[in-house]
Amino acid sequence: MNAKSLLWVGFGSVIGLIALVVVIVLPSSEDECADQPTVSVTAPVPGPAVQAQTSPTSGAAKPTTSRPNAPAAASNSTVPDVPAAAVQPSSGADRAGGSLAPIRRTWPLAAGSFQVSDTFGSRGGTHLGVDLAAPDGTAIYSVADGTVVAAGPASGFGNWIVIDSTDVNGRPFSAVYGHEWASGVGVRVGQTVRAGQPIGRVGSDGQATGPHLHFEIVPGGRLNGGHQIDPLPWLDGAPTPQASGAVPNSVNPLCSRGFGTAGGALADGKVPADLEIWYRRAGSLCPEISSSILAAQGKQESGFRRGLTSPAGAEGLAQFLPGTARSTDPDDGKPYLLDADGNGTASLWDDGDAIIAQGRYMCSLAHRIEGWIGQGKVHGDVAPLALAAYNAGEGAVLASGGMPDQVPAHFSETQPYVKNILTMEAQFRAPGSMGRFQPDGGSGGDQIVRAGEQWMGTPYVWGGGGPSGPTGGGLDGPGLTSASVFAASSGRVILPRTAEQQWERGSEVSLSAARPGDLVFFDFGRRGPADVGIYLGGGSMLRSADPSGVGKAPVPGDGRLRRVM
């Protein structure tokens with residue numbers, strides 16, 4: 001072989017080596033999670049990241065005493081209540097879709113204790129579960145092994161329980177149980193449960209005409225943007241279909257997308273990609289503080305910009321004072337600032353360390369505020385008060401008996417700080433998570449009506465509500481319209497706080513040209529309208545009134561309408 005041939009052989013070898021690096025090495029280095037194995041198909045239980053989480057110190061299971069019995073919802077279906085899935089066959093060879101391993105599933109209510117009172121897809125396709133009518137206080141059982149990711153208040157459901165599970169093929173799904181009384185929620189966020197384990201009791205809280213269980217199966221995850229399927233075939237043992245875009249659990253905790261934790265409620269793509277996993281993990285530390293709240297707080301504090309130091313000396317993404325960050329968390333006796341990313345140093349300049357410290361501190365504040373609320377020392381909602389304490393100090397919350405109002409800075413800095421974060425929070429929350437309305441592509445007005453109807457029966461609270469939903473336990477008129485329009489527009493349209501300011505948005509329409517979803521302004525004075533509702537059609541509107549709360553009412557004689565979507 002001559003020198004020229006050797007040169008070409010050597011050149012070809014270099015080209016081959018480069019191609020090998022490009023094809024094999026670079027993809028794996030660009031996406032460490034692309035080829036991660038899913039959880040074992042023989043053990044459909046939460047992944048290591050979920051199992052390793054510390055259980056929250058608050059929100060322990062409460063006694064499941066029920067409210068007084070109410071008449072059972074009338075059955076409008078002849079579907080039998082025989083739990084065909086209660087006993088699984090030893091082989092899946094006879095199931096649709098081919099041979100599968102046995103699937104561990106049970107029905108959520110005992111045989112003979114319920115009737116199917118409403119089926120999947122009823123009410124014009126808006127009913128995304130099945131209603132099982134049963135006496136108030138009837139025991140509810142987990143249908144599969146999994147981890148509790150939500151347990152407590154949820155709009156429309158009154159209270160709900162959401163349990164994330166993984167089927168035998170490594171595919172994620174959630175089971176949703178709705179309408180429990182607060183006393184009927186028998187599990188806490190982060191708790192691991194087994195199929196057939198009691199988790200709560202039937203109630204009729206929220207939008208319910210009688211005691212029943214609203215039950216959903218959601219491939220992909222309820223907090224992760226999955227989509228509901230008919231639960232009855234699933235209960236009979238049909239394979240769980242793979243939802244588009246659903247990502248199974250990974251054995252690498254850094255590859256977790258939040259499934260199996262409350263951190264799954266963070267919307268994709270709303271924070272910088274390298275920060276997303278940390279907000280998801282920090283949002284799973286306690287049920288009081290969600291990943292979307294922490295992300296909105298991070299946006300407010302630093303705009304997700306690294307390397308910042310405030311005039312007061314606060315450092316990093318979360319703008320944490322170093323002394324506070326290194327003080328002791330009374331919940332576990334450790335500093336708020338930990339070496340969360342495992343690089344050997346706990347530093348506010350490290351993304352993971354800073355965001356986890358932010359979550360730990362916010363959870364600790366929330367737990368203290370919960371205690372003060374229980375003692376009658378403080379009044380208000382936990383999350384807004386925790387945000388206020390982060391900004392002004394917990395002493396300011398205690399001294400004010402709620403939202404800080406003792407010095408001018410509380411009005412000029414702390415209260416706007418809290419308001420801005422709560423306004424942004426819904427933009428960071430995954431659509432449909434937390435029991436809230438999810439737009440389905442219909443007309444804008446219809447979406448506003450449906451979003452508003454989820455708050456039916458919510459108490460009236462003066463000044464209550466905003467884009468994120470009720471505050472202080474309720475809504476006033478502008479709070480209702482702000483929450484409904486924000487939800488209907490998937491966060492694109494943010495209305496101002498007062499009816500007078502909302503009157504400046506959109507365009508006015510005559511009553512003869514009005515469509516459902518237009519806003520109805522009324523009770524006009526020199527400065528404009530004092531109240532606002534949502535037009536339903538036929539001369540009626542949805543409004544929040546004192547003392548009845550959110551409900552239907554006729555359009556007042558001085559009503560004028562504007563279209564904002």
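Computed from a predicted model, the values in this text were never measured in an experiment.
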query: Have Asp331 and His367 got a donor and an acceptor in their side chains that come within less than 3.5 Å?
result: yes
Practice task
Look at atom CZ of Arg497 and say whether more than 12 heavy atoms of other residues, nucleotides or ligands are closer to it than 6.0 Å.
Solution key: yes
Note, Tyr177 side chain near Ser142 side chain (heavy atom, < 4.5 Å) = yes
When you check the side-chain N and O atoms of Thr147 and Gln191, is any donor under 3.5 Å from an acceptor? no
- Using the ring of each side chain (for Trp, its six-membered ring), is His214 parallel, tilted or perpendicular to His179, with breaks at 30° and 60°? perpendicular
For this session: Flag the pair Pro470 / Val461 as yes when at least one side-chain heavy-atom distance between them is below 4.5 Å, and no otherwise.
Result: no
Quiz item: Is Glu216 salt-bridged to Arg222, going by a charged N under 4.0 Å from an acidic O?
Solution: yes
Closest non-hydrogen contact found for Gly152 with Val185 is N-CG1, 4.3 Å
Val382 vs Glu288, test: side-chain contact (heavy atoms from CB on, under 4.5 Å). Steps then yes/no. CA-CA 7 Å; Val382 172; Glu288 297 87 353; 4.2 Å; yes
>> Evaluate Ser174 against Asp164 for side chain to side chain donor-acceptor pair (under 3.5 Å), listing each step before the verdict.
In response: CA-CA 4 Å; Ser174 299; Asp164 278 358; 2.4 Å; yes
Lys/Arg-Asp/Glu bridge criterion (N-O < 4.0 Å) met for Arg543, Asp531: yes
Considering only NZ, NE, NH1 and NH2 on the basic side and carboxylate oxygens on the acidic side, decide whether Asp268 and Arg280 come within less than 4.0 Å.
yes
Item to complete: Would you mind reporting whether Leu542 and Val550 have side-chain heavy atoms less than 4.5 Å apart?
Response: yes
Gly196 and Tyr141 have their tightest heavy-atom pair at O-CD2, 3.2 Å
- Message: Do Met541 and Pro556 have side chains that approach each other closer than 4.5 Å (heavy atoms only, starting at C-beta)?
- Response: yes
On a heavy-atom basis, the closest approach of Leu475 and Gly465 is CD2-CA, 3.6 Å
Between the CG atom in Asp205 and the CH2 atom in Trp160, the distance rounded to the nearest 0.5 Å is 14.0 Å
So, does His212 use its side chain to make a donor-acceptor pair with the main chain of Gly210 at under 3.5 Å? yes
Original post:
Can the positive tip of Arg105 be found less than 6.0 Å from the middle of the six-membered ring of Trp234, inside 45° of the ring normal?
Top reply: yes
Contacts of Phe521 meeting ring-ring contact (aromatic ring centres under 6.0 Å, His included) (sequence neighbours excluded), chain-then-number -> Trp503
Evaluate the side-chain contact (heavy atoms from CB on, under 4.5 Å) criterion for residues Phe173 and Val218: first the C-alpha distance (whole Å), next the side-chain angles of each, then the deciding distance (0.1 Å), finally the verdict. CA-CA 5 Å; Phe173 69 91; Val218 191; over 6 Å; no
Between Gly469 and Ala483 the two heavy atoms that sit nearest each other are CA-CB, 4.0 Å
Rounded to the nearest 0.5 Å, the CD1 atom of Ile448 sits from the CG atom of Leu519 at a distance of 6.0 Å
Let me see the working for Ser204 and Trp181 under side-chain contact (heavy atoms from CB on, under 4.5 Å), right down to the final yes or no. CA-CA 7 Å; Ser204 58; Trp181 302 114; 3.2 Å; yes
Do Ile140 and Val202 come close enough that some side-chain heavy atom pair is under 4.5 Å? yes
Worksheet entry | Side-chain heavy-atom pair Thr481, Gln502 within 4.5 angstrom cut-off | yes
Pair His127 and Phe120, ring centroids less than 6.0 Å apart: no
Taken in chain and number order and not counting sequence neighbours, the residues that satisfy side chain to side chain contact (heavy atoms under 4.5 Å, CB included) with Ala295 are Leu266, Val271, Tyr279, Phe428
The reported gap from CG in Asp230 to OG1 in Thr119 (rounded to nearest 0.5 angstrom) is 7.5 Å
Whether the Ser292 and Glu425 side chains hold a donor-acceptor pair (N or O, under 3.5 Å, no angle test) is what I'd like checked. yes
One should read off an interatomic distance between Ser484 OG and Gln454 CD, to the nearest 0.5 angstrom, of 7.0 Å
Open item on the list: Between Thr166 and Phe259, is there a side-chain heavy-atom distance shorter than 4.5 Å?
Closed with: yes
Pro211 and Pro135 have their tightest heavy-atom pair at CB-C, 4.3 Å
The reported gap from NE2 in His227 to CD1 in Ile217 (rounded to nearest 0.5 angstrom) is 15.5 Å
Between Asp145 and Ala195 the two heavy atoms that sit nearest each other are OD1-N, 2.8 Å
Given side chains that start at C-beta, do those of Val520 and Ile534 come closer than 4.5 Å, heavy atoms only? no
Q. Do Ser117 and Asp131 have side-chain N/O donor and acceptor atoms under 3.5 Å apart?
A. no
CG of Leu285 to OG1 of Thr261, rounded to nearest 0.5 Å, is 9.5 Å
What verdict does the side-chain contact (heavy atoms from CB on, under 4.5 Å) test give for Phe486 and Arg492, after you've listed the backbone C-alpha separation in whole Å, the side-chain angles of each residue and the deciding distance to 0.1 Å?
CA-CA 7 Å; Phe486 186 91; Arg492 294 188 303 274; over 6 Å; no
